[in-house]
Amino acid sequence: MPEGIKAEIRVIHEKSRKTYGERRIKDDLADMGKNVCRQRINRLMKEEELACKTKRRFKATTDSRHNKPVADKHDGSSCSQ
């Protein structure tokens, strides 16, 4: 039984572009009629070396605290077509 579940976990993980963790995989398995607890899914994922990608934290790249002059805003009317 665990080999079949491992294969299904691997397929779900690949289909999700490696973004699904144990909770979402559990939901997908439940939709298929498989009742598997999260701890087992977590253990099987570790055995298969599957890990979900985490979202990157937003990093502001603009430094607004400077003493340099700011460019004038333009309305776009100077563009020629």
Side-chain angles (χ1 to χ4, degrees):
M1 182 170 161
E3 290 303 320
I5 293 174
K6 278 185 184 181
E8 289 178 9
I9 290 172
R10 197 176 311 111
V11 167
I12 293 170
H13 188 69
E14 292 295 325
K15 273 188 180 177
S16 72
R17 298 186 321 244
K18 301 180 182 180
T19 59
Y20 277 17
E22 64 195 41
R23 292 173 192 259
R24 285 175 158 178
I25 290 175
K26 179 181 175 12
D27 291 341
D28 281 0
L29 289 172
D31 290 343
M32 292 187 222
K34 309 267 194 252
N35 187 15
V36 185
C37 67
R38 278 192 11 234
Q39 289 81 8
R40 174 174 281 195
I41 294 170
N42 190 13
R43 181 175 50 82
L44 295 174
M45 284 180 71
K46 283 182 182 180
E47 287 176 10
E48 294 293 310
E49 298 178 359
L50 301 175
C52 63
K53 295 178 188 175
T54 55
K55 286 187 176 183
R56 287 187 185 171
R57 190 172 171 192
F58 174 78
K59 182 178 180 183
T61 58
T62 303
D63 179 18
S64 298
R65 292 176 281 160
H66 56 76
N67 295 328
K68 297 180 177 146
V70 180
D72 294 332
K73 292 185 179 180
H74 59 85
D75 60 359
S77 63
S78 62
C79 295
S80 60
Q81 290 183 352

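Residue numbers run from 1 in the order of the sequence given.
- Neither Val11 nor Met32 shares a network with the other; the hydrophobic side chains, linked directly or stepwise wherever heavy atoms of I, L, V, M, F, W or Y lie under 4.5 Å apart, form separate groups for each.
- Going from atom CD of Glu14 over to atom CG of Leu50 covers 7.5 Å, rounded to the nearest 0.5 Å.
- To the nearest 0.5 Å, the span separating CD1 on Ile12 from CG on Asp31 amounts to 9.0 Å.
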* Can you list the steps and then say if Leu44 with Val36 is a side-chain contact (heavy atoms from CB on, under 4.5 Å)? -> CA-CA 11 Å; Leu44 295 174; Val36 185; 5.6 Å; no
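- Note that CD1 of Ile41 is 8.5 Å distant from CE of Met45, once rounded to the nearest 0.5 Å.
- Summarising the geometry of Glu48 relative to Lys6, their closest heavy-atom pair is OE2-CD, 3.2 Å, with the distance given to 0.1 Å.
- Here the straight-line distance linking atom CZ of Arg40 with atom NZ of Lys26 works out to 12.0 Å at 0.5 Å rounding.
- Contact between Arg24 and Thr19 at its shortest, heavy atoms only, is NH1-O, 4.0 Å.
- Other residues, nucleotides and ligands contribute only 12 or fewer heavy atoms inside 6.0 Å of the CZ atom of Arg23.
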* Asked: side-chain contact (heavy atoms from CB on, under 4.5 Å) between Lys15 and Asp28: does it pass, once the steps are laid out?
  -> CA-CA 11 Å; Lys15 273 188 180 177; Asp28 281 0; over 6 Å; no
* Dump the intermediate steps for side-chain contact (heavy atoms from CB on, under 4.5 Å) on Ile9 and Glu47, then the final yes or no. => CA-CA 11 Å; Ile9 290 172; Glu47 287 176 10; over 6 Å; no
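- Expressed to the nearest 0.5 Å, how far CD of Glu22 lies from SG of Cys52 amounts to 8.5 Å.
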